Amino acid sequence: MAYNWQQSDWPEFRYNLSGIEDLLFAFAEETGHITGLLKATPDAIQIEALINTLVIEAIKTSEIEGEFLSRQDVVSSIRNNLGIAPQPEPVKDKKAKGAGELMVSSRNSFAEPLSESMLFEWHKMLLKDSQTINTGAWRKDSAPMQVVSGAIGKEKVHYEAPPSDRVASEMARFINWFNATGPGGKSEIKKAPVRSAIAHLYFESIHPFEDGNGRIGRVLAEKALSQTLGRPVMLSLSRTIEAERKKYYQSLETAQKSNEITGWIHYFVQTIVNAQVETKYLLDFILKKTRFFDRFSHLLNERQTKAVNRMLEAGPHGFEGGMTAKKYISITKASKATATRDLQHLAEIQCLVATGGGRSTSYQLAMDA
């Protein structure tokens, strides 16, 4: 079977939205809920939610590609680029620095038309430390651009993109399509998640860069959402995609075999809605965290504060496995006796809730207390 770009109807994507009306309604409903929550929260909490969302997106979009960034460096890069750090914070990890720059730049320029120069600039940000990738330019290698899995000698080709000599013309057509389907464009797609789904698939199918296509493709999906909504979206698509990475790649592989993409749009809109639900969890968590610190911060010593902060970094889904004496010692460098005493005190003041017993005792934050 020929790939989508090899078929006569490329890139005239066809789809039927009659089966996903409930999902589109859910998207509109969740958009309203998140907007309402943000309007009702203090500015400081809104900023914290924004930083958390951008950090999660930067980290998870890299994890999908098998790269693991320093969380603290990503936080510092994003704070620096948002201009909210009193003075520039040091960032050792160049990949983290570039990822943070990309998150903020794409958010700040969401309303601007897409252009070749914008894509090249994003690519340079993302891969600024690469010694082997030709950054800020379309791929030129004559070898096939393939998505492959499996051990050497047993490779499976999942997809092969258009040859390099077609990339410039394909990308010119993609950029025209992206701008024409935006608000007020001659081919405007008014349903934001539908436009986002097509934009991501279309870009990934061209695969125009030597590396970084997935990460930039997910930025484009969020840009499409933001433009059509008229404001930057507050969600992390990559967190939701990374949680079910296999399903993402399977859905993408299937979609790249035909230009009838109803199934892909259904998958991607569901992914967007799931990401919105995660955003609600995050906002609720930040509000609970604020109340939590108001209640306990004056009761904690330096070691306890450090351990609790590490637990809070895990986010709304909790600290995996709970806090144990062994983990507490590792985080705080306290002795076993001190760790046991500190944890017992945290449980006594109802900052932590203990489960299990003896050597199996673990603790979770009492966020709902």
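Fair warning: this is a prediction, and the values are worked out from it, not measured in the lab.
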A.B. asks: Count the heavy atoms belonging to other residues, nucleotides or ligands that lie under 6.0 Å from CG of D22, then report whether that count exceeds 12.
C.D. replies: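 No, the 6.0 Å shell around CG holds no more than 12 heavy atoms from other groups.
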
A.B. asks: Does the side chain of E116 reach to within under 4.5 Å of the side chain of I175, using non-hydrogen atoms?
C.D. replies: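 E116 reaches I175 side chain to side chain.
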
A.B. asks: Within the supplied structure, the quantity of interest is the number of heavy atoms (other residues, nucleotides, ligands) at a distance under 6.0 Å from F25 CZ; does it exceed 12?
C.D. replies: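 Not more than 12 within 6.0 Å, no.
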
A.B. asks: Looking at side-chain heavy atoms only, is the closest gap between W10 and Y202 below 4.5 Å?
C.D. replies: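 When only atoms from C-beta onward are counted, Y202 and W10 do touch, with a gap below 4.5 Å.
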
A.B. asks: Could you go through R139 and M145, starting from their C-alpha distance and side-chain angles, then the distance that decides it, and tell me whether this counts as side-chain contact (heavy atoms from CB on, under 4.5 Å)?
C.D. replies: CA-CA 9 Å; R139 56 182 165 87; M145 170 59 81; 3.6 Å; yes

A.B. asks: Y363 and T361: side-chain contact (heavy atoms from CB on, under 4.5 Å), yes or no, with the steps?
C.D. replies: CA-CA 7 Å; Y363 300 82; T361 303; 3.6 Å; yes

A.B. asks: Using 30° and 60° as the class boundaries, would you call the ring planes of Y248 and H200 parallel, tilted or perpendicular?
C.D. replies: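 Because their plane-to-plane angle lies in the 30° to 60° range, the rings of Y248 and H200 count as tilted.
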
A.B. asks: Could you pull out all residues at least two apart from F120 that satisfy ring pair (Phe, Tyr, Trp, His ring centres under 6.0 Å)?
C.D. replies: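 Residues passing ring pair (Phe, Tyr, Trp, His ring centres under 6.0 Å) with F120: W138.
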
A.B. asks: Would you give the length of the straight line joining atom CG of N81 to atom CG of N108, rounded to the nearest 0.5 angstrom?
C.D. replies: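 Here the interatomic distance stands at 8.5 Å.
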
A.B. asks: Report yes if the distance between the aromatic ring centroids of F296 and F292 is under 6.0 Å, otherwise no.
C.D. replies: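 Judged by ring-centre distance (under 6.0 Å), F296 and F292 do meet the cut-off.
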
A.B. asks: According to the interplanar angle, ranging from 0 to 90°, do the rings of F174 and F178 count as parallel (below 30°), tilted (30 to 60°) or perpendicular (above 60°)?
C.D. replies: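 Tilted.
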
A.B. asks: Any donor-acceptor pair under 3.5 Å linking the side-chain atoms of E260 with those of T262?
C.D. replies: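 Per modelled atom types, T262 and E260 side chains form a pair under 3.5 Å.
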
A.B. asks: Is there a donor-acceptor contact under 3.5 Å linking the side chains of Q270 and N274?
C.D. replies: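 Side chains of Q270 and N274: pair found under 3.5 Å.
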
A.B. asks: So does K326 get a backbone contact from the side chain of S330, meaning a donor-acceptor N/O pair under 3.5 Å?
C.D. replies: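 Side chain of S330 to backbone of K326, a donor-acceptor pair under 3.5 Å: no, none is there.
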
A.B. asks: Using the salt bridge (Lys or Arg N to Asp or Glu O under 4.0 Å) rule, take D284 and K288 through it: C-alpha gap first, then chi angles, then the decisive distance, then the call.
C.D. replies: CA-CA 6 Å; D284 182 58; K288 286 180 177 178; 3.3 Å; yes

A.B. asks: Nearest 0.5 Å please: distance from the OH atom of Y267 over to the CD1 atom of I272.
C.D. replies: 10.0 Å

A.B. asks: Do the side-chain N and O atoms of S187 and T181 include a donor-acceptor pair separated by under 3.5 angstrom?
C.D. replies: no

A.B. asks: Check whether R303 reaches the backbone of T332 with its side chain - one donor and one acceptor, N or O, closer than 3.5 Å.
C.D. replies: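 Answer holds: no.
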
A.B. asks: Just wondering, do Q227 and R195 contact through their side chains at under 4.5 Å, heavy atoms?
C.D. replies: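 Yes - at least one pair of side-chain heavy atoms lies under 4.5 Å apart.
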
A.B. asks: I need the N16 CG to H266 NE2 distance, nearest 0.5 Å.
C.D. replies: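 The CG atom of N16 sits 11.5 Å away from the NE2 atom of H266.
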
A.B. asks: Looking at side-chain heavy atoms only, is the closest gap between K156 and V148 below 4.5 Å?
C.D. replies: no

A.B. asks: With the side chain counted from C-beta on, respond yes when R14 and I261 share a heavy-atom pair under 4.5 Å apart, and no when they do not.
C.D. replies: no

A.B. asks: So, are K92 and D73 salt-bridged, with charged N and O less than 4.0 Å apart?
C.D. replies: no

A.B. asks: Taking the side chain as every heavy atom from C-beta outward, state whether I78 and E89 have any atom pair closer than 4.5 Å.
C.D. replies: no

A.B. asks: Distance from E242 atom CD to I56 atom CD1, nearest 0.5 Å?
C.D. replies: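 Those atoms lie 11.5 Å apart.
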
A.B. asks: Tell me if a side-chain donor or acceptor on S76 pairs with a main-chain N or O of Q72 at a distance below 3.5 Å.
C.D. replies: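 At least one qualifying donor-acceptor pair exists.
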
A.B. asks: Per the salt bridge (Lys or Arg N to Asp or Glu O under 4.0 Å) rule, which among K94, R107, K128, R79 passes with E101?
C.D. replies: K128

A.B. asks: Check R245 with E63, please: is the shortest side-chain N to carboxylate O separation under 4.0 Å?
C.D. replies: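 Looking at R245 together with E63, the answer is no, because their closest N to O distance does not fall below 4.0 Å.
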
A.B. asks: Please check: side-chain N/O of Q46 versus main-chain N/O of L38, any donor-acceptor pairing under 3.5 Å?
C.D. replies: yes

A.B. asks: Measuring from atom CG of L127 to atom CD1 of I133, what distance do you get when rounded to the nearest 0.5 angstrom?
C.D. replies: 6.5 Å

A.B. asks: Do S251 and T254 have a side chain donor and acceptor closer than 3.5 Å?
C.D. replies: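 No, no side-chain donor-acceptor pair sits under 3.5 Å.
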
A.B. asks: With no hydrogens and no angle check, just 3.5 Å: does a side-chain donor-acceptor pair link S236 and S238?
C.D. replies: no

A.B. asks: If you measure from OG on S130 to CD on E210, what distance do you get to the nearest 0.5 Å?
C.D. replies: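 Rounded to the nearest 0.5 Å, the OG-CD separation comes to 8.0 Å.
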
A.B. asks: Using modelled atom types only, decide if a donor and an acceptor are shared between the side chain of E57 and the backbone of M103 within a distance under 3.5 Å.
C.D. replies: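 No, E57 side chain to M103 backbone: no donor-acceptor pair under 3.5 Å.
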
A.B. asks: Taking atom NZ of K280 as the centre, report whether more than 12 heavy atoms of other residues, nucleotides or ligands fall under 6.0 Å from it.
C.D. replies: yes

A.B. asks: Flag the pair V167 / F209 as yes when at least one side-chain heavy-atom distance between them is below 4.5 Å, and no otherwise.
C.D. replies: no

A.B. asks: Ignoring hydrogens and angles, tell me if any N or O in the side chain of S105 forms a donor-acceptor pair with the backbone of L102 under 3.5 Å.
C.D. replies: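 No; zero donor-acceptor contacts below 3.5 Å.
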
A.B. asks: Kindly state each residue pair satisfying salt bridge (Lys or Arg N to Asp or Glu O under 4.0 Å) with at least one member in residues 213-235, sequence neighbours excluded.
C.D. replies: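 Found E65-R218, E67-R215, D211-R215.
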
A.B. asks: Kindly say whether K336 contributes a backbone atom to a donor-acceptor pair with the side chain of R341 at under 3.5 angstrom?
C.D. replies: no

A.B. asks: Please step through side chain to side chain donor-acceptor pair (under 3.5 Å) for the pair N259 and N4, ending with a clear verdict.
C.D. replies: CA-CA 6 Å; N259 293 306; N4 51 6; 4.5 Å; no

A.B. asks: State whether the side chain of T135 and the backbone N or O of K124 hold a donor-acceptor pair below 3.5 Å, judged by distance alone.
C.D. replies: no

A.B. asks: Would you indicate whether the side-chain heavy atoms of H123 and I216 approach each other to under 4.5 Å?
C.D. replies: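 A side-chain contact under 4.5 Å exists here.
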
A.B. asks: More than 12 heavy atoms of other residues, nucleotides or ligands under 6.0 Å from NZ of K95: is that the case?
C.D. replies: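 Result for NZ/K95: open.
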
A.B. asks: Quick check: does any side chain N or O of T53 sit under 3.5 Å from a backbone N or O of L235, one acting as donor and the other as acceptor?
C.D. replies: no

A.B. asks: Quick check against the 3.5 Å criterion: does Q364 have a side-chain atom that pairs as donor or acceptor with the backbone of F319?
C.D. replies: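 Yes.
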
A.B. asks: Does L54 share a hydrophobic cluster with L69, counting links as ILVMFWY side-chain heavy atoms below 4.5 Å and allowing steps through other members?
C.D. replies: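 Yes; tracing contacts between hydrophobic side chains, which count when under 4.5 Å, links both residues.
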
